[in-house]
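A, B, ... follow the sequence lines: proteins, then strands. Residue 1 opens every chain.
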There are 2 protein chains.
Amino acid sequence: MSKVTIYDISKKLNISAATVSRALNNNPKISPKTRELVLKTAAEMNYEQNTLALALKSGKSNTVGILVPYVDRNFFSSVIRGIEEELYPHGYHVIICQTRDDAQSEVQNINTLLNAQVDGIFMSVSKTTKDTSHIDRVLQKKIPLVFFDRKKNIPGVSSVTIDDLNGAYMSVEHLIRQGCKQIAHFMGDINLEIYKNRYNGYLKALTDYNLPFNKDYVIRTNSKAESGTAAVKKLMRLPSPPDAIFSSSDFTALGAIQELKKNGIRVPEDICISGFSNEPFTQYTDPTMTTVDQTPIKMGKMAAQVFLEQMGGEISVALEKKVVLSPQLVVRDSTNRSMG
Amino acid sequence: MSKVTIYDISKKLNISAATVSRALNNNPKISPKTRELVLKTAAEMNYEQNTLALALKSGKSNTVGILVPYVDRNFFSSVIRGIEEELYPHGYHVIICQTRDDAQSEVQNINTLLNAQVDGIFMSVSKTTKDTSHIDRVLQKKIPLVFFDRKKNIPGVSSVTIDDLNGAYMSVEHLIRQGCKQIAHFMGDINLEIYKNRYNGYLKALTDYNLPFNKDYVIRTNSKAESGTAAVKKLMRLPSPPDAIFSSSDFTALGAIQELKKNGIRVPEDICISGFSNEPFTQYTDPTMTTVDQTPIKMGKMAAQVFLEQMGGEISVALEKKVVLSPQLVVRDSTNRSMG
DNA sequence: TAATTTAGCGCAATCGATTACCAAAATTTC
DNA sequence: GAAATTTTGGTAATCGATTGCGCTAAATTA
């Protein structure tokens, strides 16, 4: 009924609990005969090691914490899946926390995770995070920390990100090859590196292909479809509207497409549009949407591997590791002019 | 640097650790003066209670486990979000496990969760689960268990589900009101109650509205778009093809729409189609898809509340509670004939 | 055969916090 | 002022597992 402990086994066999523990852990100081006996009895009695007691004694909890803005955002839940699948075989559990993109909640969650003595922390920093003293505290405690996607540049912290600049560059390059010459950009929150990088990739492509930069073509958006429709309205009022839009978000790109269709402007014939993230819905829009895949499951798996490496290293020299994954341009109809 | 314990505080103040513990827990047996002193010192020394030690001593870990087939499925991640948001203010953490719809993995995960001494378990049973002895073990240990969405009928286990039968009924009723008379059904895995209920709702609506039942109109599908295209092909070969499809899944409905469009059959003019789940993409398909919203975040919150109630009850009389949420019919263009 | 090594196992401390039980001090009561 | 209470706080066991140290008996060596 109630839990079987090593003491129950030791009493039954008339040996000490220490012997039981050693036998169960394959300690060579125990004779094979005793070991077998203990193992057999433990199995019979349905013994299970008490994780909490072990964690308290060893200081290792075999759990890791994952901090994301929202679990139900496809990108994040996919990363979580990747982490979980990579870590489960190693005996780790994942604790999920939502920051709701709130810096204060991030700090709180970090605290409770530290307090629960997690063996590692994975996080995508919240948009509003400025101060990083809570992150320093993680480092002080020598707990492996891995940023994914959204990171801060802090020495000693590993990160797994995608090459946003290149993803943006590939998108814009693709638009140019489709014959577009006046390419607008929906720019996300510049507080986050990822959006800054996407913007820079946009600029770099323009420069490399000798296209002029027009500041009216860069619109600040916020990852919501409405923001995309508003942005499109603004663009269409310009004396010389763009013939392509590279959006830093699938949602704003979607809003743009909807607004354009409503006004009888054809996509991709009149204007090409590409998004970013490869949200599941992008393959079902009309037209289907060109976008950039961030390989989130892979990102999660990589992050987990980085963590495992850091755990493996005897002396946790906290040597940081920066993994940058290559994004994948997914070309679909919203930029495909060859199909007419 | 290293963790501050109540012993550190007790040494500094030259009192016993017991007193410190009591002071921190507002035990009335400690004089206000001492209490204040301890509290102040604890704050100064940056003391934090060791969760693991507490958990070991009390048997309460303040974590709950959530088992889902895949975390990156929108429905499940939304439920998780609901649970997390409801439980976080109560000091609980959530551990996420993926079963990959594999019964064996479900058993394993349950075991490790029990072993980690979670205070409760939330689960959506995997498709392949037949034997339920692992669930019985949870009950034996008197650990609150709450099924959500996919459940097994086991006495003593609470559940939060939606009224699938009614959701199906509303859908079919809606199709009938649109003038459809020959309504087909894409039926999911009948091993799962939810699909059985959706099927029954379909049948009930047909009966109530005096429409004949045609067994050729019921096609077994598997929640993948391809399965939907295959099903449509089969239906279209019938001597008298249907004029509406009620699909038990958004994905198969999507596959159906795509296949029909490809063959020049118009939706909704020639055939109405409705799905189930209100996946995010359904609002972006062309035409936008009528579907049934399962209110997953609400479902998560309800499940959490059921759990909290069970924890609150002094004697855990394990009185089961069955919550059935009302689904929401979301009417969009794929069934809207008035717009012609 | 005596001396020494080694295999096998037990004792008790430890991880950090809680709490039943008990004891000293302070207060009240007569 | 002595006895009876009441406050206040200490002692030590407990949750379950691990492990350094040491002891006993068997095995090895001289």
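The phosphate of C:dT18 has OP1 or OP2 within less than 4.0 Å of a side-chain N or O from B:N25. Close to C:dC15, at under 4.0 Å from its OP1 or OP2, lies no side-chain N or O of A:Q117. Using a 4.0 Å cut-off, no side-chain N or O of B:S58 falls inside it from OP1 or OP2 of C:dT18. Taking side-chain N and O atoms only, B:Y47 has a distance below 4.0 Å to OP1 or OP2 of C:dA17. Applying the 4.0 Å criterion to OP1 and OP2 of C:dC9, one finds that A:T34 has a side-chain N or O inside that range. The side chain of A:T19 contributes no N or O atom lying less than 4.0 Å from OP1 or OP2 of C:dC9. Look at B:S21 and you won't find any side-chain N or O under 4.0 angstrom from OP1 or OP2 of C:dA17.
Straight-line distance from the CD1 atom of B:I6 to the P atom of D:dT11: 14 Å, rounded to whole Å. Residue A:N62 contributes atom CG, which lies 14 Å from atom C1' of D:dA17 at whole-angstrom precision. When the C1' atom of C:dA25 is taken as reference, atom NZ of B:K29 falls 14 Å away, rounded to whole Å. To the nearest angstrom, P of C:dT14 lies 20 Å from NZ of B:K3. Rounded to whole angstrom, the span from the NZ atom of A:K60 across to the C1' atom of C:dT14 amounts to 19 Å. Rounded to an integer number of Å, the gap from CG of B:L24 to P of D:dG9 is 13 Å. In this entry the distance linking CG of B:L52 with P of C:dG16 reads 10 Å, nearest Å. Rounded to an integer number of Å, the gap from B:N26 CG to C:dT18 P is 12 Å.
Heavy atoms only, all atoms of each residue included: A:M45 and A:V4 are closest at O-CG2, 3.2 Å.
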Using side-chain contact (heavy atoms from CB on, under 4.5 Å), reason through B:K127 and B:R150 one step at a time and then give a plain yes or no. CA-CA 9 Å; B:K127 274 183 188 166; B:R150 301 188 194 164; 3.9 Å; yes
Given the rule in the side-chain contact (heavy atoms from CB on, under 4.5 Å) test, do A:H134 and A:Q108 qualify, once you have shown the distances and angles that lead to the verdict? CA-CA 9 Å; A:H134 57 300; A:Q108 268 187 29; over 6 Å; no
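For the side-chain contact (heavy atoms from CB on, under 4.5 Å) test with A:Q294, the passing option among A:I162, A:V79, A:I194 is A:I162; the others fail.
Applying the salt bridge (Lys or Arg N to Asp or Glu O under 4.0 Å) test to B:D149 and every residue at least two apart in sequence or in another chain returns nothing.
Between A:V20 and B:N50, the residue anchored closer to the 5' end of DNA chain C is A:V20, taking for each the nucleotide with the nearest heavy atom. When each of A:T51 and B:S31 is assigned the nucleotide of DNA chain D bearing its nearest heavy atom, the one mapping closer to the 5' terminus is B:S31.
With respect to the salt-bridge test (charged N to carboxylate O, under 4.0 angstrom), the residues B:K40 and B:E36 do not qualify.
Comparing D:dT8, C:dG16, D:dT18 against the side chain of A:Y7 picks out D:dT18 as the nearest. Looking at the side chain of B:A53, the nearest of the listed nucleotides C:dT19, C:dA17, C:dC15 is C:dA17. When distances run from any side-chain atom of A:K57 to the nucleotides D:dA12, C:dT14, D:dC15, the shortest one goes to C:dT14. Relative to the side chain of B:L56, the nucleotides C:dA12, C:dG16, C:dC9 differ in distance, and C:dG16 lies closest.
For a distance-only test at 3.5 Å, the side chain of B:R35 fails to qualify as a donor-acceptor partner of the base of D:dG9.
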